[in-house]
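What follows is one structure encoded as structure tokens, with my remarks underneath.
Heavy atoms only: backbone and side chains are in, while hydrogens, waters and symmetry mates are out. Everything quoted here is computed from the prediction, not taken from an experiment.
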Amino acid sequence: MIKRSTIDSVLEVVRIDEVVGEYVQLKRRGANLIGLCPFHSEKSPSFSVSTQKGIFKCFGCGVAGDSVGFVMDHDKLSYPEAIRSLAKKYNISIEEDSTETFTDQERKEQNEKESLYILNDFVKDAFHKQLVESEEGQTIGLSYFKERDISQKSLETFSVGYAFEARDALSKLAKKSGYSEDALVASGLVLKNEYGLNDRFKGRVMFPIFSVSGKVVGFGGRILRTDKKEAKYINSPESVIYHKSQTLYGISHGKQSIRKEDKVYLTEGYLDVIGLHQSGILNVVASSGTSLTPEQCRLIKRFTDNVTIVYDSDNAGQEATERAVTLLLQNDLNVRVISLPDGDDPDSFRKKNSDTALLNFFKEQETDFLDFLLKRKFAGIENDPIAKSNAIKDLLEVVSLITDPIKRGIYVSKASNITKIDEQLLINEVNKQRIKKHAKGQERDWIQDKSQFLVPEVKTQLFSDTFQEKGLIRLLLLFGDRIFNEEFTVQEYIFFSFEEMIWEDEMCQNIYKVCLEKRDSEAVYDLKTFIHHPERELSKYVIDLSLPRDISENWEKMHDIFIINPNENYKNDVESGCDRLKMKKILKLLKEIDIELYKNTSSVEDANHFMEMKIQLNIEKSAIAKKYGIVVLE
């Protein structure tokens, strides 16, 4: 665990404009910097950076945070990983806290992960060196890549390597460099049997598999000799750091371009990614030698909603495309398809064309998934009514996966125009498919476009206090350390008024709890405590609450929240905020008491107790109402 002092050092040194400026072109506007948001596509800048507060906020997509939060969001890192990344950038030494309490199992798992990362990085460099410097690597490995028209620069960019043919070449090298047998076996790079150690990868060109943050989590190896007993491709086995179904090859190299283009090209193989990247198509990933998985779809969705599938042109590739279309739609992604000429995969097609011709082909041949499926399913059955009917049902089953009703309706209309079948008939079939899925428990959303569909009951909470709670927490954050009166600061006044209160809003409850803990420990109250909080949702929540009005003129309209300026009369706001929240709580208690009197009172003593409470609450309610001229309807 990273020491708190190291985290504080990073937060003290790091500059939000320097961190964000590496990814966003920022321009000065008043006290803040603005630019195009790196987290969503936009033409007019809505991304604002406050160097004074050390925070960023996009008023388009809502993302917000501090420097650590930006690195976490942009590079998809955990809080410790982001701290380490910033510490490296600012040349700050990482100190670990050995006093941090971990279970033995947690400490073991953390140590194992760190050991595997270090070992994999060593092996990556060793394989690459063997490819470019050894006679065997050059003769076999480099010759293969020259035939595939893969440049030296591409090999270096993706750290491609070569594993020697010898049974234990890697084992000997790693042990000589100080790595233990246990670590080698745990990584899956080496197998152990009664004859000793045996390398998993032998006589193969090697493709390191990187995580989103750029760490080597595993390897894929392609055999170059003809041997029917050997698999053409093999991957590292599952480990504590490598989960094949959750990994996309090329994601660490392509993530920035994917965000910038707001689209990803999805391919099947390692060389597809490397080759297209070499031709200037940087926003490309592959499913790492496995069928596309739901986890991989969710990983894609973290960077873009738009996927273009570019699989092999053979029948297996086209069937895989159909399966991928279904899975991507199920995960609420927009899907398009590029069909390559017969006999080609993305890499072989690239070799036959110039970069310009390749880019033009991709732009011109990219089609909607519906066009692809229509062409596939209707091929050769135009005069067979039964086959055509079944094909349409299969097609509509795919369309029914689209969750957005407007988008779904557009596709149904398009299918009707192409197939010349009445649109209402297609709508009915799609609805049947969605009902079937709901009945099987495969879908949670309800369709509301036809009377036969059920609409879920929407339960609105009477006397919801969240609006007043957010207002009061905002006051606590902005003015907590200021003087309220002769007895209290603002935070002390609020604590005195609501110390035992249970807050409806979970984030408000969490913030209030931290503030109370700080008071009890006599720690200094500081808004930065929350802005730099490792819990991203809490940090974003506080930034949203504490933003001054001048950052966005439409902020109040956008979020239905009244934002207080520091120059306004905060004392009146605090007093009014406390009183109005009290009123909400009183009204709720009165309602609950009425329910108890009506349903659950079993004795005169109980009834008298509730009536006394009701009288006292009504007195308090009337006093607040009179103070502010509020008319409360009974």
Side-chain angles (χ1 to χ4, degrees), residues 7 10-92 157-158 210-215 248 250-265 273 276-277 280-285 299-307 531-534 536-537 539-540 543-544 547 551-552:
I7 296 175
V10 172
L11 295 178
E12 182 179 347
V13 172
V14 71
R15 288 180 54 87
I16 185 74
D17 53 329
E18 291 178 351
V19 174
V20 176
E22 290 188 1
Y23 306 91
V24 181
Q25 185 176 358
L26 297 171
K27 296 181 180 180
R28 176 69 59 182
R29 178 176 290 179
N32 300 309
L33 300 168
I34 64 165
L36 295 175
C37 180
F39 303 110
H40 80 287
S41 179
E42 62 178 7
K43 295 182 179 180
S44 299
S46 60
F47 186 86
S48 178
V49 173
S50 171
T51 54
Q52 182 180 4
K53 291 184 172 65
I55 61 175
F56 71 91
K57 170 72 183 181
C58 176
F59 293 95
C61 65
V63 66
D66 62 351
S67 298
V68 181
F70 182 87
V71 174
M72 289 173 68
D73 288 341
H74 193 278
D75 293 341
K76 302 301 176 186
L77 303 179
S78 66
Y79 186 83
E81 287 173 333
I83 289 291
R84 292 180 190 279
S85 175
L86 289 170
K88 183 177 181 180
K89 173 181 172 63
Y90 285 91
N91 296 316
I92 298 173
T157 298
F158 287 87
F210 296 87
S211 67
V212 173
S213 60
K215 291 185 176 182
L248 287 167
I251 189 67
S252 62
H253 296 83
K255 60 188 178 184
Q256 291 189 28
S257 181
I258 293 169
R259 278 210 182 97
K260 181 180 178 181
E261 301 295 332
D262 194 22
K263 180 170 74 173
V264 64
Y265 290 102
V273 172
L276 293 181
H277 199 278
I281 300 175
L282 309 184
N283 52 326
V284 56
V285 298
L299 178 56
I300 288 172
K301 195 166 178 62
R302 287 160 59 180
F303 296 91
T304 182
D305 288 329
N306 304 303
V307 182
I531 289 177
H532 299 311
H533 200 280
R536 291 288 292 112
E537 288 301 316
S539 171
K540 178 181 179 299
I543 289 170
D544 285 346
L547 282 171
I551 287 185
S552 173

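Applying salt bridge (charged side-chain N to carboxylate O under 4.0 Å, His left out) to Asp75 and the options Arg259, Arg84, Lys215, Lys255 leaves one that passes, Lys255. With Ser50 as the partner, the side chain to side chain contact (heavy atoms under 4.5 Å, CB included) test is satisfied by one option alone out of Ile543, Asn32, Leu33: Asn32.
Here Phe39 and Phe70 bring their ring centres to under 6.0 angstrom of each other.
Side-chain atoms of Tyr90 come within 3.5 Å of backbone atoms of Arg15 as a donor-acceptor pair (strictly under, hydrogens ignored). Panel note: side chain Lys89, backbone Val19; no donor-acceptor pair is recorded below 3.5 Å. A side-chain donor-acceptor contact under 3.5 Å links Asn306 to the backbone of Asp262.
The two atoms that bring Val71 and Ala82 nearest to each other are CG1-CB, 4.0 Å, heavy atoms only. Closest approach of Lys57 to Asp544, counting heavy atoms only: NZ-OD1, 2.6 Å. Taking every heavy atom of both residues into account, Ser539 and Gly65 meet most closely at OG-CA, 4.2 Å. For the pair Met72 and Pro534, the tightest heavy-atom approach, listed with the atom from each and the gap, is CE-O, 4.3 Å. Between Ile300 and Leu248, the shortest heavy-atom contact is CG1-CD1, 3.5 Å. Across all their heavy atoms, Gly35 and Pro45 have their closest contact at O-CB, 3.3 Å.
In Glu18, the CD atom is crowded: over 12 heavy atoms of neighbouring residues, nucleotides or ligands sit closer than 6.0 Å.
With rounding to the nearest 0.5 angstrom, the CG atom of Asp17 is 11.0 Å from the CD atom of Glu22. To the nearest 0.5 Å, atoms OG (Ser211) and CD1 (Ile251) are separated by 10.5 Å. Atom CD1 of Ile281 is separated from atom CD of Glu261 by 10.0 Å, given to the nearest 0.5 angstrom.
Using a 4.5 Å cut-off on side-chain heavy atoms (C-beta onward), Lys263 and Asn283 make contact. With a 4.5 Å cut-off on side-chain heavy atoms, Asp66 and His533 do not count as touching. By the 4.5 Å heavy-atom criterion applied to side chains, Ile34 and Phe59 are not counted as neighbours. Side-chain contact between His277 and Ser257 is absent, with no heavy-atom pair separated by less than 4.5 Å.
Here Lys260 pairs with nothing under the side chain to side chain contact (heavy atoms under 4.5 Å, CB included) rule; sequence neighbours left out. For Phe47, the ring pair (Phe, Tyr, Trp, His ring centres under 6.0 Å) partners two or more places apart in sequence, or in a different chain, are Phe56. Residues forming a ring pair (Phe, Tyr, Trp, His ring centres under 6.0 Å) with His253 (at least two apart in sequence, or on another chain): Phe158, Phe210.
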Evaluate Ile83 against Val68 for side-chain contact (heavy atoms from CB on, under 4.5 Å), listing each step before the verdict. CA-CA 7 Å; Ile83 289 291; Val68 181; 3.8 Å; yes

Would Ile258 and Val285 count as a side-chain contact (heavy atoms from CB on, under 4.5 Å) here? Give the steps. CA-CA 10 Å; Ile258 293 169; Val285 298; 4.1 Å; yes

Applying side-chain contact (heavy atoms from CB on, under 4.5 Å), run through Val49 and Val24 and close with a yes or a no. CA-CA 10 Å; Val49 173; Val24 181; over 6 Å; no

